[in-house]
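What you see below is based on every heavy atom in this structure, not just the backbone, and it leaves out hydrogens, waters and symmetry mates. Each chain gets a letter, A, B and so on, in the order its sequence line appears, and its residues count up from 1.
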2 protein chains.
Amino acid sequence: MSRAAITADQVFHALGDPTRRAIVERLAQGPASISGLAQPLGFTLTAIAQHLQVLCDCGLARTEKVGRVRTCSLQTAGFTVMEDWIAERRATLEQQLDRLGDFLAQEDDG
Amino acid sequence: MSRAAITADQVFHALGDPTRRAIVERLAQGPASISGLAQPLGFTLTAIAQHLQVLCDCGLARTEKVGRVRTCSLQTAGFTVMEDWIAERRATLEQQLDRLGDFLAQEDDG
DNA sequence: AAAATACTGAAGTGCCGACTTGACTGTTCT
DNA sequence: AGAACAGTCAAGTCGGCACTTCAGTATTTT
């Protein structure tokens, strides 16, 4: 494998930070440079670059440097990991609710 | 409205913590008491109770105390908030990719 | 070539939140 | 009633991480 598997742990931690979520929301509109992200958010380039590193590590973003400018964009991998995690919990959760429904139905039958 | 609206901010922050995600994973199997959660995780009751508070505040869990035991279970509201947030970003992201596809197709037509 | 731009890297600060302790309340068991 | 149990509350500790500064590199502009 070229890179370590992305864990739900990583992705949720990454999106646990409001600044990183803001970055993701901005990038959902289209690619941007580091400074293009930093300016509206009111942070230093360094701060944004550090956040970008985290987002890349967990498959939520990727970056490419051409010339002196690094262009950042979103990546779907991280999203998929989250969606899968959520779907799995929702599935077992709804099984519970179903069983509860069956139980209550039995109660009604007496 | 009886309670303040749940923000994506809250939910992602809540699941950003590994212990809280472990609690959610445990609760996905079925309801549990505070001590039932604390024991396998190796934390104090207080720690777990604090985490539960966070999970409840963001609509991921709810608790009910009967006698001396507080029973905790999952709730779907928090999950829905997350799913919606993700879906929205994915949507605009895929619009981007579509436009890129169109662009590349045009290139080919050239 | 000089200046401005875009970023990088190392190192430090400060604060928030995760977790603990200890004292307490209320409940169940014997 | 007394003891064990389940949880609560207030207060404190401590580490990690978000963010900064500053000095440096590479690129573009004039």
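- Side-chain atoms of B/K65 lie closest to D/dT8 of the nucleotides C/dT8, D/dT8, D/dC19.
- Put simply, CG on A/L45 is 17 Å from P on C/dA4, counting in whole angstrom units.
- Rounded to an integer number of Å, the gap from A/E64 CD to C/dC7 P is 13 Å.
- Summarising the geometry, the separation between NE2 on A/H13 and P on D/dG16 is reported as 12 Å, rounded to the nearest angstrom.
- Atom CD1 of B/I48 is separated from atom C1' of D/dG7 by 13 Å (rounded to the nearest Å).
- Checked by atom type and distance alone, the side chain of B/Q29 never pairs as donor or acceptor with a backbone atom of B/R26 at under 3.5 Å.
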| request: Show your working on side chain to side chain contact (heavy atoms under 4.5 Å, CB included) between A/L60 and A/Q75 and close with a plain yes or no. | output: CA-CA 5 Å; A/L60 280 168; A/Q75 213 183 315; over 6 Å; no
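- To the nearest 0.5 Å, the span separating CD on A/Q50 from CZ on A/R20 amounts to 10.0 Å.
- Nearest to the side-chain atoms of A/D17 among the listed nucleotides C/dC19, D/dA18, C/dC7 stands D/dA18.
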| field | Trace of the side chain to side chain contact (heavy atoms under 4.5 Å, CB included) decision for B/S33 with B/R70 | value | CA-CA 6 Å; B/S33 67; B/R70 177 175 295 277; over 6 Å; no
| said: Each nucleotide in nucleotides 23-30 of chain D should get exactly one letter: B, S or -. Can you fill that in based on protein heavy atoms under 4.0 Å? | reply: ----BS--
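- Within the structure, the ring pair (Phe, Tyr, Trp, His ring centres under 6.0 Å) test picks out no pair touching residues 13-45 of chain B (sequence neighbours left out).
- Which of D/dT21, C/dA18, C/dT21 sits closest to the side chain of B/T44 comes down to C/dT21.
- Taking CG from A/L55 and CG from A/L15, the interatomic distance works out to 7.0 Å, rounded to the nearest 0.5 Å.
- Evaluation of the side-chain contact (heavy atoms from CB on, under 4.5 Å) rule for B/R89 yields A/V24, A/E25, A/A28, A/F79, B/W85 as partners, not counting sequence neighbours.
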| request: Apply the test side chain to side chain contact (heavy atoms under 4.5 Å, CB included) to residues A/R90 and B/T80: give CA-CA distance (whole Å), side-chain angles for both, the deciding distance (0.1 Å), then the verdict. | output: CA-CA 10 Å; A/R90 232 200 213 289; B/T80 306; 2.7 Å; yes
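- One finds the OG1 atom of B/T71 at 10.0 Å from the CZ atom of B/R62 (value rounded to the nearest 0.5 Å).
- Near DNA chain D, defined here as any heavy-atom distance below 4.0 Å, the residues from residues 18-36 of chain B are B/S33, B/I34, B/S35, listed numerically.
- For the atom pair CD of A/E88 and CG of A/D84, the computed distance is 8.0 Å after rounding to the nearest 0.5 Å.
- Here B/L45 contributes atom CG and B/Q39 contributes atom CD; the two are 9.5 Å apart, rounded to the nearest 0.5 Å.
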Sort me out a list of protein N/O and nucleotides 9-12 of chain D N/O pairs below 3.5 Å, or just none if empty.
residue, atom, partner, partner atom, Å
D/dC9, N4, B/T46, OG1, 3.2

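- What you find for B/V11 and B/C58 is that their closest heavy atoms are CG2-O, 3.8 Å.
- Computed from coordinates, the B/L37 CG to C/dC19 P distance equals 13 Å when rounded to whole Å.
- Protein atom NE2 of A/H51 is 15 Å distant from nucleotide atom P of C/dT8, rounded to whole Å.
- A/I34 contributes atom CD1, which lies 8.5 Å from atom CD1 of A/I23 (distance to the nearest 0.5 angstrom).
- C/dC19 atom C1' lies 13 Å from atom CG of B/L41, rounded to whole Å.
- The listed nucleotides are C/dG17, C/dA6, D/dT20; the one nearest the side chain of A/V69 is C/dA6.
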| message | Test side chain to side chain contact (heavy atoms under 4.5 Å, CB included) on A/F12 and A/I86; report intermediate values, then the result. | response | CA-CA 11 Å; A/F12 279 112; A/I86 295 171; 4.3 Å; yes
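- Note on the helix from C/dA1-D/dT30 to C/dT30-D/dA1: terminal axis deviation equals 30°, with five pairs used at each end and the result rounded to 10°.
- To the nearest angstrom, C1' of D/dG7 lies 18 Å from CZ of B/F43.
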